[in-house]
Amino acid sequence: MDAPWFAKRPVSDVRPGDHGWLAYAGAEERDRVIGTFVREGLRHNEKVVYVTDAPADGLPGLDRPLDGHRIDVGAYTRIGQLRVISRADACLDRRGAFEPAMLADTLGRELGGAFAEGFRAVRLTTDHSWALSGPGRADLAQMLGCEHRVGDTVAPSTMAMAICQVDRRTCSGAELLALRDTHEVLIEVDPEFDDGVLRIVRTFEPHGLRLEGELDGARHTVLAERLAAVNRAGRRVHLDVARLRFIDLGGLNLLAQHALALPADEALVLDHLAPDVENVIEMVGWRRLPGLVRGAGAAGGTEDLGR
């Protein structure tokens with residue numbers, strides 16, 4: 001069987017026809033991604049349909065101003081731009097059991113009426129975590145069937161885009177892979193910084209940043225700022241550098257100085273070192289970079305290389 005093909009997209013780049021997948025590691029990641037998805041819909045006169053038992057004013061992203069103004073959740077709800085549909089109304093049968101076909105029908109009706117209502121597009125989202133855990137959980141075949149139905153509703157559309165959410169802690173790794181493979185678009189948080197040369201993306205499991213592209217002197221300050229911000233969480237910081245093609249000596253010094261400022265029992269972890277980057281570090285010498293730790297995906301394993 002052919003390996004599945006995926007596009008990875010920042011949430012602000014989601015487009016009509018996307019049947020997106022978000023397996024989040026915790027509430028912060030979920031809220032940053034889904035909050036942006038909801039807010040972008042409200043900003044651009046798009047209908048937002050959220051299947052949830054949470055109240056409308058408790059949805060991600062609605063507690064912050066939009067374009068400098070407080071979001072009037074009630075007003076958006078009254079005009080139908082924000083549709084919050086309970087699970088009972090959207091996807092539970094009379095016995096309270098999850099019914100995948102009912103969910104697809106619900107989303108199809110919301111999509112079908114959106115154009116007549118004056119909206120240029122429809123954003124659909126729901127969190128499947130509740131259906132995958134606890135008493136009466138849906139089996140995998142049901143969930144896969146549900147995802148295929150949602151995909152059949154969204155993919156051909158020039159108006160609809162969807163993000164299916166799941167807390168990755170609610171199901172096994174095999175289940176996550178199977179559910180992921182029913183989608184062609186993997187959704188992630190918007191970059192912290194992207195100027196076409198260096199891209200910095202927040203990561204949540206593990207906690208830290210992903211660096212892509214090239215890190216040179218013109219971009220040291222922005223990286224230092226993002227490192228300081230992510231370090232304030234009080235957790236060990238990982239840098240995923242698999243896609244970092246180049247780092248200059250000043251950049252290495254920046255990382256080493258950041259690591260030296262950490263508590264004595266802490267370190268800055270470099271995950272998935274690309275060969276070109278590791279060659280530069282080897283040339284400098286690991287012992288000149290105290291406080292850095294080689295992390296996951298490195299041939300040498302995880303070890304303290306300086307402190």
Side-chain angles (χ1 to χ4, degrees), residues 4-42 46 48-54 58-64 82-85 87 90-91 98 100 103-104 107 121-133 137-138 140 143-144 146-155 157 160-192 199 201-210 240:
W5 177 88
F6 303 105
K8 180 175 282 190
R9 256 197 269 292
V11 61
S12 289
D13 290 346
V14 173
R15 62 193 69 166
D18 281 350
H19 178 208
W21 170 249
L22 172 66
Y24 59 84
E28 182 186 3
E29 181 177 15
R30 178 201 62 201
D31 290 355
R32 287 187 60 173
V33 174
I34 300 302
T36 300
F37 185 66
V38 170
R39 290 165 62 84
E40 288 294 295
L42 299 182
E46 297 168 348
V48 178
V49 179
Y50 205 131
V51 176
T52 179
D53 285 345
L59 298 183
L62 300 187
D63 58 342
R64 295 181 288 114
L82 178 62
R83 285 275 288 142
V84 179
I85 308 175
R87 296 171 191 158
C91 57
F98 178 58
L103 177 60
L107 299 182
V122 185
R123 292 173 177 245
L124 312 167
T125 190
T126 188
D127 193 325
H128 293 311
S129 303
W130 64 273
L132 290 163
S133 61
R137 62 170 299 189
L140 182 59
M143 294 307 304
L144 294 176
C146 176
E147 293 292 8
H148 284 300
R149 286 185 174 94
V150 173
D152 289 343
T153 300
V154 172
S157 174
M161 58 200 94
I163 299 180
C164 299
Q165 314 167 39
V166 66
D167 185 333
R168 61 172 61 246
R169 297 165 295 187
T170 60
C171 49
S172 69
E175 289 172 326
L176 278 175
L177 289 174
L179 289 165
R180 183 202 65 180
D181 289 353
T182 62
H183 302 75
E184 290 187 346
V185 183
L186 309 183
I187 309 299
E188 67 175 1
V189 69
D190 284 341
E192 302 281 304
R199 181 183 176 103
V201 181
R202 178 81 158 78
T203 60
F204 299 88
E205 192 180 75
H207 171 80
L209 300 169
R210 187 173 77 238
D240 182 341

Could you walk me through whether Asp190 and Glu40 pass the side chain to side chain contact (heavy atoms under 4.5 Å, CB included) test, one step at a time? CA-CA 12 Å; Asp190 284 341; Glu40 288 294 295; over 6 Å; no
Is any side-chain heavy atom of Leu179 closer than 4.5 Å to one of Leu140? yes
With distance as the sole test, does Thr182 use its side chain to make a donor-acceptor pair with the main-chain N or O of Ala178 at under 3.5 Å? no
Within this structure, what is the CG-CG distance for the pair Leu82 and Leu42, rounded to the nearest 0.5 Å? 6.0 Å
Can a donor-acceptor pair be found, under 3.5 Å and without considering hydrogens, that links the side chain of Asp127 to the backbone of Thr52? no
Can you measure from CD (Glu205) to CZ (Arg168) and round to the nearest 0.5 angstrom? 5.0 Å
Test ring-ring contact (aromatic ring centres under 6.0 Å, His included) applied to Phe98 - qualifying residues, sequence neighbours left out: Trp130
Output yes when a side-chain donor or acceptor of Arg64 lies under 3.5 Å from a complementary backbone atom of Gly35, and no otherwise. no
Report the distance from atom CZ of Phe37 to atom CD1 of Ile163, rounding to the nearest 0.5 Å. 4.5 Å
Side-chain touch Met143/Glu175, heavy atoms, less than 4.5 angstrom: no
Between the main-chain N or O of Pro10 and the side-chain N or O of Asp13, is there a donor-acceptor pair closer than 3.5 Å? no
Nearest-0.5 Å distance that lies between atom OG1 in Thr203 and atom CD in Glu29: 9.0 Å
Taking Asp167 for its side chain and Arg169 for its backbone only, find out whether a donor-acceptor pair lies under 3.5 Å. yes
Side-chain heavy atoms of Met161 within contact of Ile187, under 4.5 Å: no
Distance-only, no hydrogens or angles: does the Arg123 side chain make a donor-acceptor pair with backbone N or O of Val48 under 3.5 Å? no
When rounded to the nearest 0.5 angstrom, what distance separates CZ in Arg32 from CD1 in Ile34? 13.0 Å
Under 3.5 Å, is there a donor-acceptor pair between the side chain of Arg39 and the main chain of Gly61? yes
Taking atom types as modelled, find out whether Thr125 and Gln165 have a side-chain donor-acceptor pair closer than 3.5 angstrom. yes
CG of Leu176 to CH2 of Trp21, rounded to nearest 0.5 Å, is 6.0 Å
Just jot down the side chain to side chain contact (heavy atoms under 4.5 Å, CB included) partners of Asp152, sequence neighbours excluded, or say none. none
Side chain to side chain contact (heavy atoms under 4.5 Å, CB included) against Glu184, all qualifying residues, sequence neighbours excluded: none
Taking side chain as C-beta onward, heavy atoms only, is Tyr50 less than 4.5 Å from Val38? yes
Should the pair Arg202-Glu28 be classified as a salt bridge under the 4.0 Å nitrogen-to-oxygen rule? yes
What I'd like to find out is whether the side chain of Thr126 reaches to under 4.5 Å of the side chain of Leu107, using heavy atoms alone. no
